K.L.:
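Below is one structure. I have some questions about it.
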Amino acid sequence: MRFDTNLSAEDAPNIEHLLLGVYPTEFEAHLVESLRRRRLMAAEHGLWDQGALVGYVAYTPVHIKDQSTERQLLGVGPLAIHHDFQGSGNGRKFLEESLKEIDADALFILGHPAFYEKVGFQPASNFGLRFSDDENQNATFMAMECWHGALSGLNGIVEYDHKFYEE
Ligand SMILES: CC(C)(COP(=O)(O)OP(=O)(O)OC[C@H]1O[C@@H](n2cnc3c(N)ncnc32)[C@H](O)[C@@H]1OP(=O)(O)O)[C@@H](O)C(=O)NCCC(=O)NCCS
């Protein structure tokens, strides 16, 4: 398998195909298409197997509502591993390799806590940060400081691009 930090505009059909296959609705595929079209991706990484895209992860800038900071904060996701490649450590290895390439002060992700804790995320509430006023969503909202103290002094709601809320 080949890890790729250089996805291009031509890879759009591969990304769409992967996301449509992995997620139950078209939301993530449409979200990524919109973010790419508006050039809002801070980074994107892929995992290829014999010409097929079997892993994908996106990074987009996020902000803290009503607070300004010089710190570079990124939301991780969507993240997807093709069904045939899930459950064998590929997702974890792919995300660990991907995170090494990312230049940021702190990262956020909304997803399965048991999976993201294994790569160093912890509940965002530990830092006084949340996704929304919905406690169910907040329970799966995770954060990671890339250096100790990167999130200190920040609190409140972490805001993504508006498309993330249009499900
Ligand atoms: C979530 C996803 C990226 C994980 O990839 P994967 O290759 O299946 O995961 P791995 O095999 O590397 O799992 C690593 C560890 O996380 C755990 N894990 C994986 N998926 C999990 C899940 N959905 N919930 C809880 N734990 C999970 C595994 O049990 C494994 O634990 P171990 O190291 O103790 O054995 C993949 O299943 C996927 O694409 N799912 C559909 C899309 C999705 O939900 N994306 C994430 C949205 S937040």
Side-chain angles (χ1 to χ4, degrees), residues 1-7 11-36 40-63 73-102 104 106-127 129-146 151 157-167:
M1 273 186 280
R2 182 171 65 86
F3 177 69
D4 185 359
T5 56
N6 224 353
L7 293 173
D11 297 317
N14 303 73
I15 296 170
E16 184 184 35
H17 183 72
L18 175 65
L19 294 177
L20 288 176
V22 162
Y23 283 98
T25 73
E26 295 179 354
F27 171 73
E28 283 77 9
H30 289 164
L31 171 64
V32 166
E33 186 279 325
S34 169
L35 295 166
R36 295 190 107 217
L40 289 182
M41 293 300 190
E44 287 178 293
H45 295 155
L47 190 65
W48 297 90
D49 182 71
Q50 300 180 15
L53 188 72
V54 299
Y56 174 79
V57 60
Y59 296 82
T60 55
V62 297
H63 303 95
L73 309 176
L74 297 180
V76 186
L79 164 70
I81 293 288
H82 187 286
H83 282 301
D84 294 350
F85 294 79
Q86 289 179 11
S88 339
N90 289 313
R92 181 175 179 166
K93 225 167 76 193
F94 174 55
L95 186 55
E96 282 171 350
E97 202 163 353
S98 172
L99 292 173
K100 278 192 222 148
E101 300 292 324
I102 293 299
L107 301 165
F108 296 92
I109 195 155
L110 197 62
H112 314 293
F115 175 68
Y116 293 109
E117 274 166 8
K118 291 179 199 293
V119 295
F121 284 83
Q122 53 178 299
S125 58
N126 290 359
F127 301 101
L129 292 160
R130 56 194 202 281
F131 181 76
S132 68
D133 292 327
D134 177 341
E135 285 317 311
N136 290 328
Q137 281 184 324
N138 290 334
T140 63
F141 191 47
M142 316 285 290
M144 178 164 63
E145 291 183 321
C146 302
L151 289 171
I157 292 192
V158 179
E159 291 183 323
Y160 285 66
D161 176 71
H162 67 90
K163 276 279 173 192
F164 277 86
Y165 306 99
E166 289 181 5
E167 196 162 7

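Small disclaimer: the values here were computed from a predicted structure and weren't measured. Along the sequence shown, residues are numbered consecutively beginning with 1. One-based numbering, in listed order, for ligands and for the atoms of each.
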K.L.:
How are the rings of Phe121 and Tyr116 set to each other: parallel, tilted or perpendicular (split at 30° and 60°)?
P.N.:
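It falls in the perpendicular class, over 60°.
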K.L.:
Can you see which heavy atom on Ala29 is nearest to which on Leu20, and at what distance?
P.N.:
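Ala29 and Leu20 have their closest heavy atoms at CB-CD2, 3.7 Å.
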K.L.:
Look only at the side chain of Ser88 and the backbone of Asn90, and say whether a donor-acceptor pair between them is shorter than 3.5 Å.
P.N.:
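No: the side chain of Ser88 does not pair with the backbone of Asn90.
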K.L.:
Please check if any side-chain donor atom of Gln86 sits under 3.5 Å from a side-chain acceptor atom of His82, or the reverse.
P.N.:
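Per modelled atom types, Gln86 and His82 side chains form no pair under 3.5 Å.
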K.L.:
So which protein residues pack against ligand 1 under 4.0 Å, heavy atoms counted?
P.N.:
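Correct list: Val22, Tyr23, Leu79, Ala80, Ile81, Phe85, Gln86, Gly87, Ser88, Gly89, Asn90, Gly91, Arg92, Leu110, Gly111, His112, Ala114, Phe115, Tyr116, Lys118.
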K.L.:
Side-chain atoms of residues 43-55: list all donor-acceptor pairs with protein atoms under 3.5 Å, sequence neighbours left out, distances to 0.1 Å.
P.N.:
| residue | atom | partner | partner atom | Å |
| --- | --- | --- | --- | --- |
| Glu44 | OE1 | Arg36 | NE | 3.3 |
| Glu44 | OE1 | Arg36 | NH2 | 3.1 |
| Glu44 | OE2 | Arg36 | NE | 2.7 |
| Glu44 | OE2 | Tyr56 | OH | 2.5 |
| His45 | ND1 | Ser98 | OG | 2.7 |
| Trp48 | NE1 | Asp4 | OD2 | 2.9 |

K.L.:
May I ask you to say whether Glu97 pairs ionically with Lys93, meaning some side-chain N is under 4.0 Å from a carboxylate O?
P.N.:
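No, no charged N to carboxylate O under 4.0 Å.
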